Amino acid sequence: MEEISMVSLVVMIVLLAVFTLLYERGKKKYKDYIEPLDKEEFTLKEIMPVGFLIMDLSKYQYNTALDRQNRKYLKELYDPDFSEFYLHVYWAQAATYSALAVLLGAVLNLILNDPLVGVAAGLAMGVLLPYVSLVDLQKKVQERHLAIAIDMPELVNKIVILTGAGLTLQGALSKITKEMYSDRILYQELTKSMEMIEVGETADAAFDRMAMKCNTVEMRRFLSVILQNIHRGGTDVSSALKSIGEELWNSRKAAAIRVAEEASTKMLFPMMLMLFAVIMLVIVPAVQGMQM
């Protein structure tokens, strides 16, 4: 038993030394990568030099199907010009989680004096934690799409009212972004597109960027109508947008129902815990009374 404990201690010390070495080597090399990161979003920011160096040493090429999908997600969540940077950041975060998992496995091995448990725990956490880190991207994009779906009917209605009052489509969009601005995602992206047009960018480029940042079927259809009107002119934009608006309101109702169902599901576990606590409060005194 003593021999196993000594081996476990040596293994943990070696792994800790390797982790520290990776950190020290990566700290200066990746300083410029890490400093701009948001501490609240990237909770492992301070030790991410380890992950960056691991990815660098592994010679990972970032060209798998997962990487291509994550690039699309990152272009929505961040500035598209920095999607490659954030792809490296998320993989570095995943690698850092793996390194920490190996350390935790070594600690469990030392505490429990059971190499099998330590190795199993290290491997399980080393796979699960990076997976959760990368899957978190998809969750963020889904939440973003939901926020956009909720706001789109209102935006379309505003455009219909303003164009019906005599404004051109571009004039209506400009008025919404300047006088009816909201900090919601949809309005932020529309404002950026209108600012691009005002400084000389083409409408195609500006709204293509918005389609990339708000990558939903409804948004692509909406922007198609907008671009068609800008290129060809005409007064039929209101009727087209009214039709889209009706469909969007139905989608919004469905989204609201989905959010309500998710909320009820999330409440199920706390309710079960409360029920268990109540049952224990009733059963324990009864059992103690029977023993007396």
Side-chain angles (χ1 to χ4, degrees), residues 30 32-45 48 50-52 54-56 58-101 125-152 155 182-193 195-196 204-224 248 251-252 254-255 258-259 262 265-266:
Y30 301 102
D32 293 338
Y33 281 76
I34 295 171
E35 279 188 352
L37 300 179
D38 185 356
K39 176 67 175 176
E40 293 185 4
E41 185 175 7
F42 300 98
T43 54
L44 299 182
K45 174 181 176 179
M48 276 177 62
V50 174
F52 275 109
I54 290 174
M55 296 305 299
D56 194 11
S58 71
K59 305 295 182 183
Y60 186 67
Q61 297 300 311
Y62 303 95
N63 58 3
T64 65
L66 177 62
D67 292 316
R68 290 190 289 273
Q69 183 62 62
N70 284 340
R71 281 188 181 91
K72 293 179 182 178
Y73 292 153
L74 292 167
K75 286 178 181 178
E76 290 191 59
L77 295 172
Y78 305 100
D79 190 318
D81 294 335
F82 292 96
S83 60
E84 200 65 30
F85 165 74
Y86 278 104
L87 181 63
H88 285 69
V89 168
Y90 270 91
W91 271 111
Q93 179 174 255
T96 305
Y97 275 124
S98 290
L100 283 176
M125 289 186 293
V127 173
L128 181 61
L129 293 178
Y131 174 77
V132 171
S133 173
L134 293 171
V135 168
D136 185 53
L137 273 176
Q138 183 177 4
K139 181 181 177 183
K140 289 179 179 178
V141 170
Q142 289 173 344
E143 291 174 351
R144 181 182 176 90
H145 287 178
L146 180 60
I148 292 169
I150 289 173
D151 290 336
M152 276 198 71
L155 173 64
S182 168
D183 60 356
R184 302 280 291 176
I185 294 169
L186 180 59
Y187 288 88
Q188 289 178 359
E189 298 304 335
L190 178 61
T191 299
K192 289 176 184 176
S193 294
E195 288 174 350
M196 289 173 66
D204 287 306
F207 288 119
D208 280 348
R209 181 190 182 281
M210 187 171 179
M212 183 191 303
K213 296 287 290 178
C214 307
N215 188 21
T216 66
V217 175
E218 295 80 8
M219 177 56 71
R220 289 194 294 271
R221 185 182 172 195
F222 166 74
L223 292 176
S224 176
L248 290 173
S251 298
R252 178 170 175 171
R258 187 167 65 252
V259 170
E262 290 175 356
T265 302
K266 290 177 181 177

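All values reported here derive from a predicted model rather than from experimental measurement. Position 1 is the first residue of the sequence; numbering continues from there.
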Suppose we screen for salt bridge (charged side-chain N to carboxylate O under 4.0 Å, His left out). Which residues come up paired with D136, at least two apart in sequence or across chains? K140

Tell me, yes or no, whether the heavy-atom count around F85 atom CZ, taken from other residues, nucleotides or ligands under 6.0 Å, exceeds 12. yes

Check the angle between the aromatic planes of W91 and Y60 and answer parallel, tilted or perpendicular using the 30° and 60° thresholds. tilted

Indicate the ring-plane relationship of Y90 and F42, choosing parallel, tilted or perpendicular according to the 30° and 60° boundaries. perpendicular

Expected output: side-chain R144 to main-chain K213 donor-acceptor under 3.5 Å: yes

Per the salt bridge (Lys or Arg N to Asp or Glu O under 4.0 Å) rule, what does the pair list look like for residues 80-95, sequence neighbours excluded? R71-E84

Q61 (side chain) donor-acceptor with K59 (main chain) under 3.5 angstrom: yes

Check P80 against K75 and note the closest heavy-atom contact, atom names and distance. CG-O, 3.8 Å

Kindly check if the number of other-residue, nucleotide or ligand heavy atoms within 6.0 Å of NZ (K45) is above 12? yes

Taking atom OH of Y78 as the centre, report whether more than 12 heavy atoms of other residues, nucleotides or ligands fall under 6.0 Å from it. yes

Apply side chain to side chain contact (heavy atoms under 4.5 Å, CB included) to R184 and list each qualifying residue two or more places apart in sequence or on a separate chain. A147, I150, D151, S182, Y187

Between S224 and R220 (side chain of the first, backbone of the second, donor and acceptor by atom type, cut-off under 3.5 Å), is there such a pair? no

What closest approach, in Å, do S193 and A206 show between heavy atoms, and which atom pair accounts for it? OG-O, 3.1 Å

Does any N or O in the side chain of D67 come within less than 3.5 Å of the main-chain N or O of T64, such that one atom is a donor and the other an acceptor? yes

